[in-house]
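All ligand and atom numbering here is 1-based and tracks the order in the structure.
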Amino acid sequence: MQVSSISTKICRMHNFEYRHGELYCEQVPVSRIAKEVGTPCYVYSYTTLVRHYRAYDGAFKSIPHVIAFAMKANSNIAILRLMAKEGSGVDIVSGGELFRALKAGVLPSKIVFAGVGKSAEEIREALKADVLMFNVESSAELQALNEVAASVGTKARVALRINPDIDPKTHPYISTGLKKSKFGIAADRALEEFALASSLANIDVVGVHKHIGSQLTEVTPFVEAVKKVVKLVGALKSQGINIRYVNIGGGLGITYSDETPPLPQDLADAVSPLLKDLNITLIMEPGRVIVGNAGILVTKVLYRKDGEAKRFIIVDAAMNDLIRPSLYGAYHEIRPLSEAVLQRPKHHVDVVGPVCESGDFLAKDRSLPEVNPGDMLAVMSAGAYGFVMASNYNSRPRVPEVLIKDGEIHVIKARETYEDLIKGETIPAFLN
Ligand SMILES: *Cc1c(COP(=O)(O)O)cnc(C)c1O
C-alpha cells in the first residue's frame with residue numbers, strides 16, 4: 001500500500017507548479033520562456049519526461065521487456081533522443097517516423113512498425129533499417145510484406161495485430177480494439193492468419209500484438225485483452241508457432257481533469273502475472289502517459305469579447321496548434337501564468353483562437369477567472385498529440401517547441417517563418 005501511494009505521486013506529478021506567484025516549468029518561470037520565444041509555444045519538462053519513462057520501465061522490471069514509445073504522440077527528435085538515452089525504443093507508423101527515429105539515434109533493434117496502410121516503399125525502408133518487427137494488420141499486408149522482403153532478399157520479423165473485440169470505454173475516435181474497428185485481425189480468425197503467415201517464405205512470425213485504444217482509465221480492458229492474447233499464444237505454441245514477443249500496445253490514460261487512471265505499476269501488477277510464465281519478451285507502446293502531462297501550450301490573451309449569449313476569450317493559439325478540443329471535444333485545463341489571476345471573479349467563457357472556424361476553441365463553457373488582453377495562459381497536458389497534430393491552416397506558422405532542463409531553455413523546434421509556409425510551392429510558367 002505504502003509503495004503504491006508513493007508511486008502514485010511519482011507518476012501523477014508533473015513539473016508545472018505555482019511558485020512565487022507564478023507558474024513555473026521546473027526552475028524557470030513560464031512567463032520568462034514566453035518572453036524569450038514568444039507565444040504561442042509548447043513547453044516540455046525534461047524531469048517529467050524522464051520520471052514518466054522510468055516509472056513505466058520500472059513497473060515492468062520483473063519481465064524482460066522493450067518499451068517502444070509511441071512516437072506519434074510526440075515526435076520531436078530531441079524528445080526521441082531523450083527517450084533513446086533512457087533506453088527506449090519507438091513504435092512507428094510511417095516512413096517519416098522511421099526517418100525521425102533513426103535521426104534521433106533510436107536503435108533499429110527497438111523499433112516496431114505498426115499501421116494499417118504501410119506502403120511497399122515504407123516496408124522496404126524499414127527492412128533496410130532492420131527494425132525489430134512489423135506489426136501486421138491484415139492478410140493483404142502480410143502478402144505485400146512477404147513480397148517486398150523477398151525482393152530485398154531478407155525475412156521480415158512479424159507480429160500479427162489481433163483485434164480482441166474489447167471496449168476500452170474511451171472516445172470512439174481513439175478506440176481501436178472493437179470488431180467494427182479498421183485495426184487488427186479478428187480474434188476468431190487469428191489462428192488461420194498465423195498459419196498463413198508462418199507458411200510464407202519471407203516471413204518470420206515472432207509475436208502477437210494488440211492495442212485497444214487510448215486514454216484508458218481502467219485496468220479491466222487491458223486485463224481482458226491480455227487474457228485473450230495469452231490464450232492465443234498457448235494455441236499457437238501448440239501448433240508449433242513459437243511466439244517470442246507479446247506486444248500489449250499502449251493506451252494508458254492520464255489526468256486531464258479529474259480522471260484517476262491506473263498507474264503504470266497498477267497495470268504491471270494486473271498483467272505481469274498473466275504473462276510471466278509465457279517465456280516471452282514483452283513489448284509496450286506507451287505514448288500519452290509518457291509525454292501528455294510533461295508539456296503545456298502557452299498562449300496570450302488578445303481580446304475579450306462579450307457576445308450576447310456568452311463571453312469569448314480570444315487567444316493567440318488556435319485549433320491548428322492544438323486540435324484535441326476541436327477533434328475529440330477533449331478537455332484541457334487552462335491556468336493563468338500569474339497566480340494572482342486566480343483570485344479574480346469567475347466567468348463562464350469560451351476560449352477561442354483566431355482561426356476562421358466555429359470549431360476553433362481550446363475550452364468551451366469553462367469557468368475561468370477574469371482575464372484581460374495581455375494575460376498569459378497555459379493549456380495544460382498538451383505534451384501528447386499536441387504539436388504533432390498541428391497544421392498550417394489559415395497560413396499560421398507552426399509554433400516553437402521548448403525543452404526545459406536544469407533551469408535552461410532549449411528551443412528544440414524553431415517557430416516557422418512565412419517562407420516556411422510556401423516551401424515547395426511553385427507557380428507554373430503558364431501563369432507568368
Ligand atoms: C496510438 C498508439 C499507441 C499509443 O497510444 P497512447 O494512448 O498514446 O499510449 C500505441 N500503439 C499503437 C498501435 C497506437 O496506434
Are Arg124 and Glu121 within salt-bridge range, i.e. N to O under 4.0 Å? yes

Basic-acidic side-chain contact under 4.0 Å: Glu97, Lys72: no

Aromatic Tyr24 / basic Arg32 pairing, under 6.0 angstrom, 45° off normal: no

Polar pairs, ligand 1 vs protein, N/O only, below 3.5 Å.
residue  : atom   : partner : partner atom : Å
ligand 1 : 7 (O)  : Ser214  : OG           : 2.3
ligand 1 : 8 (O)  : Arg288  : N            : 2.8
ligand 1 : 8 (O)  : Tyr385  : OH           : 2.5
ligand 1 : 9 (O)  : Gly251  : N            : 2.8
ligand 1 : 9 (O)  : Gly287  : N            : 2.9
ligand 1 : 11 (N) : Asp91   : OD2          : 3.3
ligand 1 : 11 (N) : His211  : ND1          : 3.4
ligand 1 : 11 (N) : Glu285  : OE1          : 2.6
ligand 1 : 15 (O) : Lys72   : NZ           : 2.7

Salt bridge between Glu26 and Lys405, side-chain N to carboxylate O under 4.0 Å? no

Can Lys413 be said to sit on top of Phe387's aromatic six-ring, NZ or CZ under 6.0 Å from centre and within 45° of the ring axis? no

State whether Asp130 and Arg157 are salt-bridged, where the test is any N-O pair (Lys NZ or Arg NE/NH1/NH2 against Asp/Glu carboxylate O) under 4.0 Å. yes

